[in-house]
A.B. asks: 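Mind looking over this structure? Questions follow.
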Amino acid sequence: MFGLLFFILFTPGVSEFICTSSDLDMSYTFCDSIAHAFTFNLTPCSTMNRYVWKAALTWIPRSDIHFLKIVFKVWYDGARSLTWKELLCSGADDKYSVCGTLKGETLVSAFDIKGSRINFPKGNYSIIVQGFSDDSENNMLICLNFTMIVKQDAY
């Protein structure tokens with residue numbers, strides 16, 4: 001039974017439900033073809049009058065994380081609206097707990113997502129989050145496709 005549950009939870013292409021509420025639905029899938037041991041949670045499940053979300057991440061990376069570049073690509077109702085790149089780990093004086101995680105280690109992290117400057121208008125969002133182990137963005141560690149449906153305007 002556990003094997004079937006593990007297969008369902010970590011199979012590529014299978015949508016993982018994060019949360020639903022009266023104003024928000026969120027889920028994610030892996031956008032690469034390799035299975036991952038990964039979970040992501042977000043609370044509260046709302047965009048109404050919320051300026052900080054609590055996120056929890058559990059991940060077993062497939063390689064050591066000495067260098068980690070994250071690329072966010074956001075589409076709103078089918079139109080590309082944002083591309084943002086951030087170097088999280090460079091191998092020297094890294095401030096994030098993910099840095100230095102070794103292949104096969106279980107990474108557990110809790111962090112805040114601050115959205116005080118963002119009012120999400122009603123609509124469909126697609127957010128691609130890619131993690132690379134090199135600056136040239138050739139060696140992908142992980143790729144997630146988040147779907148966010150905002151059901152009502154926050155203003």
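Throughout, residue positions are numbered sequentially from 1 according to the sequence presented.
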A.B. asks: For the residue pair S126 and N145, establish whether any side-chain heavy-atom pair is separated by less than 4.5 Å.
C.D. replies: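 S126 vs N145: side chains touch.
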
A.B. asks: Side chains of E137 and Q130: does their closest heavy-atom pair fall under 4.5 Å?
C.D. replies: no

A.B. asks: Salt bridge or not for D25 and K151, using N-O below 4.0 Å?
C.D. replies: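 Looking at K151 together with D25, the answer is yes, because their closest N to O distance falls below 4.0 Å.
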
A.B. asks: Would you say V129 and L42 are hydrophobically clustered, going by side-chain heavy atoms of ILVMFWY under 4.5 Å?
C.D. replies: yes

A.B. asks: Flag yes if I142 and W84 sit in one hydrophobic cluster, no otherwise; membership is Ile, Leu, Val, Met, Phe, Trp, Tyr, and two members link when side-chain heavy atoms are under 4.5 Å apart.
C.D. replies: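 Yes; W84 is reachable from I142 via cluster members.
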
A.B. asks: Report the C-alpha distance between L144 and F30 in whole Å, list the side-chain angles of each, state the deciding distance to 0.1 Å, and finish with yes or no for side chain to side chain contact (heavy atoms under 4.5 Å, CB included).
C.D. replies: CA-CA 5 Å; L144 299 161; F30 298 105; 3.4 Å; yes

A.B. asks: With the 4.5 Å side-chain cut-off for hydrophobic clustering, are L88 and I60 part of the same group?
C.D. replies: no

A.B. asks: In terms of hydrophobic clusters joined by side-chain contacts under 4.5 Å, are V98 and F146 together?
C.D. replies: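 Per the 4.5 Å side-chain linkage, V98 and F146 are co-clustered.
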
A.B. asks: Please give me the minimum heavy-atom distance between S46 and S21, naming the atom from each residue.
C.D. replies: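 For S46 versus S21, the nearest heavy atoms are CA-OG, 4.2 Å.
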
A.B. asks: Nearest heavy-atom pair of C89 and D94: which atoms, and what distance?
C.D. replies: CA-OD1, 3.5 Å

A.B. asks: Using the benzene-type ring in the case of Trp, are the ring centres of F38 and Y28 under 6.0 Å apart?
C.D. replies: yes

A.B. asks: Minimum heavy-atom separation for I128 and C143, please, with both atom names.
C.D. replies: CG2-SG, 4.1 Å

A.B. asks: When you look at I149 and L24, which way does the side chain to side chain contact (heavy atoms under 4.5 Å, CB included) test go after all the steps?
C.D. replies: CA-CA 6 Å; I149 301 169; L24 180 65; over 6 Å; no

A.B. asks: Could you pull out all donor-acceptor pairs under 3.5 Å where a side-chain atom in residues 76-83 meets a protein atom, sequence neighbours excluded?
C.D. replies:
| unit_1 | atom_1 | unit_2 | atom_2 | d |
| --- | --- | --- | --- | --- |
| Y76 | OH | K122 | O | 2.7 |
| D77 | OD1 | N124 | N | 2.8 |
| R80 | NE | T83 | OG1 | 3.3 |
| S81 | OG | V74 | O | 3.2 |

A.B. asks: If I take atom CG from residue D64 and atom NZ from residue K103, how far apart are they, to the nearest 0.5 angstrom?
C.D. replies: 8.0 Å

A.B. asks: Kindly compute the distance separating CG (L87) from SG (C99), expressed to the nearest 0.5 Å.
C.D. replies: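 Answer rounded to 0.5 Å: 8.5 Å.
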
A.B. asks: Check whether any side-chain heavy atom of F120 lies under 4.5 Å from a side-chain heavy atom of M148, and answer yes or no.
C.D. replies: yes

A.B. asks: Side chains of E16 and I18: does their closest heavy-atom pair fall under 4.5 Å?
C.D. replies: no

A.B. asks: Check whether any side-chain heavy atom of T147 lies under 4.5 Å from a side-chain heavy atom of S27, and answer yes or no.
C.D. replies: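 Touching, per the 4.5 Å side-chain cut-off.
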
A.B. asks: Please determine whether side chain to side chain contact (heavy atoms under 4.5 Å, CB included) holds for the pair M26 and F17, giving the CA-CA distance in whole Å, both sets of side-chain angles, and the decisive distance to 0.1 Å.
C.D. replies: CA-CA 6 Å; M26 284 194 74; F17 189 70; over 6 Å; no

A.B. asks: Counting C-beta onward and ignoring hydrogens, is there a side-chain heavy-atom pair between I65 and L141 closer than 4.5 Å?
C.D. replies: yes

A.B. asks: Centroid-to-centroid, F132 to F67, below 6.0 Å?
C.D. replies: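 No - the distance between ring centres of F132 and F67 does not fall below the 6.0 Å cut-off.
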
A.B. asks: Given the rule in the salt bridge (charged side-chain N to carboxylate O under 4.0 Å, His left out) test, do D134 and K69 qualify, once you have shown the distances and angles that lead to the verdict?
C.D. replies: CA-CA 7 Å; D134 65 342; K69 181 179 189 177; over 6 Å; no

A.B. asks: Any side-chain heavy-atom pair from L68 and S133 closer than 4.5 angstrom?
C.D. replies: no

A.B. asks: Is there a side chain to side chain contact (heavy atoms under 4.5 Å, CB included) between T39 and L57 once you walk through the steps?
C.D. replies: CA-CA 6 Å; T39 59; L57 166 75; over 6 Å; no

A.B. asks: Are any non-hydrogen side-chain atoms of D112 and W53 less than 4.5 angstrom apart?
C.D. replies: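 Counting from C-beta outward, D112 and W53 never come under 4.5 Å.
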
A.B. asks: More than 12 heavy atoms of other residues, nucleotides or ligands under 6.0 Å from NZ of K54: is that the case?
C.D. replies: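 Check fails, neighbour count at 12 or below.
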
A.B. asks: How many angstroms lie between atom OG of S97 and atom CG of L107, to the nearest 0.5 angstrom?
C.D. replies: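 Reported value, rounded in 0.5 Å steps: 6.0 Å.
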
A.B. asks: Can you check ring pair (Phe, Tyr, Trp, His ring centres under 6.0 Å) on Y96 and F111, steps first, answer last?
C.D. replies: CA-CA 10 Å; Y96 297 102; F111 52 94; 9.2 Å; no

